[in-house]
Asker: 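Okay, here's the structure, questions in a sec.
Remember, it's 1-based here, ligands and their atoms both numbered in the order they're listed.
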Amino acid sequence: MEIIVFGGGYVGLVQAAGLASTGNEVTIAEVDDDKITQINSGQAPFYEPQLPELLSKGVEQSQLRAVKVGSDEFDKRLKSAEIIFIAVQTPESSDGSADLKYVFEVVDTISKLPGDLSDRVVVMKSTVPVGTGDAVENRFNTHGKNPIVASNPEFLKQGSAVRDFMQPERVIIGSENERAQELLSYIYKPFMLKRERIICMGRRSAELVKYACNAFLATKISFINEISQLAEMIGADIRDIRRGMITDSRIGDQFLFPGVGFGGSCFPKDTISLVHQGEKFSVPMRIPQAVDQVNKRQRTWALLNLKDIFKELKDKSIAIWGLSFKPKTDDLREAPSVYLIEELIKAGAKVRAHDPIAIDRAKTLLAKHSSKIQYFEDMYAAAESADALVLMTEWHEYRSPSFKKLSEILKNKIILDGRNVFGPEITRQYGFRYRGVGIPENLK
Ligand code: UGA
């Protein structure tokens with residue numbers, strides 16, 4: 001099929017490269033020249049495992065290309081595209097609602113095509129508030145155009161996006177139109193040879209499913225984080241509580257890892273967006289509201305513990321392992337580490353940071369604090385002479401470090417484990433003071 005994807009960002013790129021891999025003719029429509037050059041040379045503008053390989057393959061086999069919006073090649077590709085995905089960014093406006101200006105720009109561009117466009121399927125891929133499909137359809141109508149507008153939310157996780165695309169747990173098609181269902185089922189079928197997992201529903205329902213899923217997963221995380229706070233006060237071990245919970249198959253074992261709070265471009269933004277959408281329809285979204293509040297509190301975990309241990313953080317040197325909001329990505333959006341670093345610097349401390357991938361991005365994002373942060377290529381070098389070590393992201397390389405080495409190089413033998421990867425059992429053997437999330441220091 002001939003497919004065009006507007007937006008070579010995270011969602012658009014994985015979508016385009018994935019669909020090109022099964023023999024579709026896919027074009028990415030972009031406005032950013034650098035991105036276009038990168039994509040056409042088989043590189044991803046961000047770190048995502050397996051994506052460069054998939055992109056290179058698509059480009060080499062001429063199944064995939066990026067073109068500039070407005071170019072002759074773009075016009076040609078748009079004219080023949082049967083399915084048009086919209087995967088452009090929808091930034092937060094000052095009042096917290098999603099800004100749809102880029103989406104509408106795309107609608108206006110598509111509307112320049114001749115004819116009524118009733119044979120085209122336009123698919124919203126970006127996460128957008130419920131009712132955006134209607135707004136997009138109305139905008140087309142004002143131009144005298146009548147394409148089929150569908151919603152097809154994405155459920156990819158950063159760090160495993162290619163695998164998630166190739167083996168989706170389900171594909172949701174939000175359209176009651178038969179042609180939309182048929183064309184979209186056709187392009188997703190190759191990814192579900194073992195078991196059909198396509199679910200069709202109305203457009204508004206599809207739009208809401210996306211928020212419901214993200215908010216529910218975020219709820220699980222905030223729930224276990226809140227229980228972990230109680231565990232710390234009571235002197236209980238959250239790891240045992242978690243083990244006791246997850247054996248109940250109704251509860252399940254996923255997204256119940258306590259930590260320093262959820263980050264990224266999705267959970268924080270989508271939870272708040274759901275609260276706003278509820279307000280609009282006078283249905284208070286009390287649970288998502290609480291989830292957000294608990295998460296904001298959880299982000300302070302490491303800072304509060306450091307203050308509790310040192311009382312005064314001025315001139316303290318704190319080593320931080322892990323900057324990205326989760327492993328296998330260089331994304332720092334809403335990363336708990338960024339919050340911690342800013343607070344530490346405000347308190348007069350100095351930071352020694354390590355991350356396997358995200359250092360360059362951190363240098364740019366935190367440029368104004370450059371004199372207070374030192375970055376290290378080697379994780380042990382970051383810990384050298386530091387007053388304490390804080391683990392913020394559970395990258396594989398941090399999971400079984402040499403505690404002997406750490407005990408020799410850290411100034412104080414203090415570890416704050418924001419992801420519970422070490423445990424007091426091993427760290428105590430090396431004489432460390434250890435605190436985990438929901439694992440109190442004086443745990444018997
Ligand atoms: C999330 C969803 O998991 C995807 O299904 C969805 O498609 C995506 O948002 C999106 O809307 O685009 P992502 O943000 O990439 O994916 O990452 P997650 O693996 O969900 O992790 C989000 C945050 O929760 C991370 O900061 C992670 O450290 C934290 N987390 C996750 C926990 O603190 N505990 C857990 O048990 C799981």
Asker: Less than 3.5 Å apart, which donor and acceptor atoms pair up between the side chains of residues 52-59 and the rest of the protein, not counting sequence neighbours?
Answerer:
unit_1	atom_1	unit_2	atom_2	d
Ser56	OG	Gly42	O	3.3
Ser56	OG	Pro52	O	2.6

Asker: For ligand 1, list all ligand N or O to protein N or O distances below 3.5 Å, rounded to 0.1 Å.
Answerer:
unit_1	atom_1	unit_2	atom_2	d
ligand 1	5 (O)	Phe155	O	3.2
ligand 1	7 (O)	Phe155	O	3.3
ligand 1	7 (O)	Leu156	N	3.1
ligand 1	7 (O)	Leu156	O	2.7
ligand 1	7 (O)	Lys210	NZ	3.2
ligand 1	11 (O)	Lys210	NZ	2.6
ligand 1	11 (O)	Asn214	ND2	2.8
ligand 1	12 (O)	Glu154	OE2	2.8
ligand 1	15 (O)	Gln158	N	2.7
ligand 1	17 (O)	Lys326	NZ	3.1
ligand 1	19 (O)	Lys326	NZ	2.8
ligand 1	26 (O)	Gly263	N	2.9
ligand 1	26 (O)	Phe325	O	3.0
ligand 1	28 (O)	Arg419	NH1	3.1
ligand 1	33 (O)	Arg419	NH1	3.4
ligand 1	34 (N)	Phe257	O	2.9
ligand 1	36 (O)	Leu256	N	3.3
ligand 1	36 (O)	Phe257	N	2.9

Asker: Is the Phe6-Phe85 ring centre distance short of 6.0 angstrom?
Answerer: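 Judged by ring-centre distance (under 6.0 Å), Phe6 and Phe85 do not meet the cut-off.
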Asker: Provide the closest heavy-atom pair for Asn24 versus Gln63 in the form atom of the first, atom of the second, distance.
Answerer: O-NE2, 2.7 Å
Asker: Please, which pairs that meet salt bridge (charged side-chain N to carboxylate O under 4.0 Å, His left out) have at least one residue in residues 207-220, sequence neighbours excluded?
Answerer: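 Every pair satisfying salt bridge (charged side-chain N to carboxylate O under 4.0 Å, His left out) with a residue in residues 207-220: Glu154-Lys210.
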Asker: By salt bridge (Lys or Arg N to Asp or Glu O under 4.0 Å), which residues pair with Glu343, not counting sequence neighbours?
Answerer: Lys346
Asker: Do Arg242 and Phe257 form a cation-pi contact, if we require the NZ or CZ to be under 6.0 Å from the six-membered ring centre and within 45 degrees of the ring's axis?
Answerer: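 The answer is yes, since Arg242 meets both limits relative to Phe257.
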